K.L.:
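Have a look at this one.
Keep in mind it's a predicted model, so treat the numbers as computed, not measured.
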2 protein chains.
Amino acid sequence: MPPPRRAARRRDAEENRARVVAAARELFAEEGFEVPLDAIARRAGVGRATLYRNFPDRGALAAEIFDGNLRELEAQAAALGERADALLELLRAIVDMQVEAHAMVPALLQEPRAPDLAALERRVRRLLAAPLRRAKAAGQVREDLAIGDVTTGLAMIAAVTGDTTVAARRRRARRALELLLYGLLPRGESDTSD
Amino acid sequence: MPPPRRAARRRDAEENRARVVAAARELFAEEGFEVPLDAIARRAGVGRATLYRNFPDRGALAAEIFDGNLRELEAQAAALGERADALLELLRAIVDMQVEAHAMVPALLQEPRAPDLAALERRVRRLLAAPLRRAKAAGQVREDLAIGDVTTGLAMIAAVTGDTTVAARRRRARRALELLLYGLLPRGESDTSD
DNA sequence: GCTCAAGCGGACACTGGCGTCCACTTCCAC
DNA sequence: GTGGAAGTGGACGCCAGTGTCCGCTTGAGC
């Protein structure tokens, strides 16, 4: 059936909804995914009922917000096309995004996951699949890397970016990505132990 | 001053205290550091007041438990002596311990930290300092590695070991350590970008 | 065995977040 | 302007976790 032609919302209702989304975007970024829904409603200047009317739960609200972020990443992926370093560029972009909106990666990749977000998590994996394949083919990343390793890596980085200021988050996130990309061991020697 | 010669506790009181500690050890391992204190008291078969009488808060209880774990690690460090690979061995030991008692690393290394645990966190850093120095001198790890990078790495690994079964935790923890040690990029080539 | 302080644990009050309800307000078609 | 449906938000009840209080129980010294 065709999408049931939602009756036009009243203009004030539309505005309130937009303000809720904006407030949620800010607070997810500032406080993380666990921020109380009251706080979002208060920041938006609406009652809690208004928030709940528009979004039955935290997951629905998050889905709306993260969908935007994900579109952005998908656009970047498309722009990078078949470049061999597309995977690394995407990883950097995702980590940067995590710095600005530090709720998304943990919300999407950490267990347990809200049901509304499961589909978005699949989009992340799909986003990374082709670039990973090409990066491996081009010898840009180690051969045995699976898609789950990449998302695990992102979750690992996200876990240490809980600092309160954006600058501090950026510093830690960059260092964590650097450590993870290059490893703790020295480069350029083969280690045959293990 | 000498420790103020605590008046001998009644035998049943001593027993209850021990059962609280044992229950907390189990539940921290099973459920993580955030497990409700009620649950611990219930598992120990004592009332909540008994738990609070012995440990004013979660931090005090955790401090008692993690202190034991830390002693074990310090003993291992001492046994490893000045071996160049002592740092890597310790990292493996800490990750293994995190698999069994998966509350300790996040509780000690993640912010914000309960005040009782700050001293234990300093012990972790002290534990790693000398092995790190020697590992660098021996070329076992990259030159620019700081002590904070090592603890960051441990926190990163801990973040992805939230699975419910020990076996699943072990698998993920080992993979995460492996990724972090060797990096995502292929070995044996110099990468001059960045 | 008796005594009594140490120790116990159930009951209680408090807090913070969630989700719902409903009397009131506001927009908009007429 | 006005009627009435759409929309609002404060007030309310619920729940889970925390911390405390106090009348009862019990171990241990005599």
K.L.:
In whole Å, what is the span from the CD atom of A:E14 to the C1' atom of C:dC28?
P.N.:
15 Å
K.L.:
Nearest heavy-atom pair of A:V160 and B:A155: which atoms, and what distance?
P.N.:
CG1-CB, 3.9 Å
K.L.:
Using the side-chain heavy atoms of A:R53, tell me which of these nucleotides is nearest: D:dG27, D:dT8, C:dG19.
P.N.:
D:dT8
K.L.:
I need the CG-P distance between A:L37 and D:dG9, as an integer number of Å.
P.N.:
16 Å
K.L.:
Rounding to a whole Å, what distance do you find between B:R17:CZ and C:dC8:C1'?
P.N.:
16 Å
K.L.:
Any side-chain N or O of B:N16 less than 4.0 Å from the OP1 or OP2 oxygen of C:dG7?
P.N.:
no
K.L.:
Atom CZ of A:R19 to atom P of D:dG7: distance rounded to whole Å?
P.N.:
16 Å
K.L.:
Of the candidate nucleotides D:dG27, C:dT26, C:dG9, which contains the atom at the shortest distance from the side chain of B:D12?
P.N.:
D:dG27
K.L.:
Without decimals, in angstroms, what is the distance between B:L51 CG and D:dG17 P?
P.N.:
15 Å
K.L.:
Report the residues that fulfil salt bridge (Lys or Arg N to Asp or Glu O under 4.0 Å) with B:R42, sequence neighbours left out, ordered by chain and then residue number.
P.N.:
none
K.L.:
Write down the distance between CG (B:N54) and P (C:dG7), rounded to a whole number of angstrom.
P.N.:
9 Å
K.L.:
Return whichever of B:A49 or A:R48 has its heavy-atom-nearest nucleotide of DNA chain D closer to the 5' end.
P.N.:
A:R48
K.L.:
Of all the nucleotides listed (C:dG17, D:dT20, D:dG17), which has the minimum atom distance to the side chain of B:Y52?
P.N.:
D:dT20
K.L.:
Nearest 0.5 Å please: distance from the OG1 atom of A:T152 over to the CD1 atom of A:I147.
P.N.:
10.5 Å
K.L.:
What's the closest nucleotide to the A:R58 side chain, out of D:dG17, C:dC18, C:dG7?
P.N.:
C:dC18
K.L.:
What is the separation between atom CZ on B:R43 and atom C1' on C:dG9, rounded to the nearest whole Å?
P.N.:
19 Å
K.L.:
Measure the spacing between CG of B:D149 and CG of B:L128 and express it to the nearest 0.5 Å.
P.N.:
12.0 Å
K.L.:
Do A:R92 and A:L181 come close enough that some side-chain heavy atom pair is under 4.5 Å?
P.N.:
yes
K.L.:
Looking only at side-chain atoms of B:D38, point me to the closest of D:dG17, D:dG9, D:dG7.
P.N.:
D:dG17
K.L.:
Let me know the distance between CD of A:E31 and C1' of C:dG17, rounded to the nearest Å.
P.N.:
15 Å
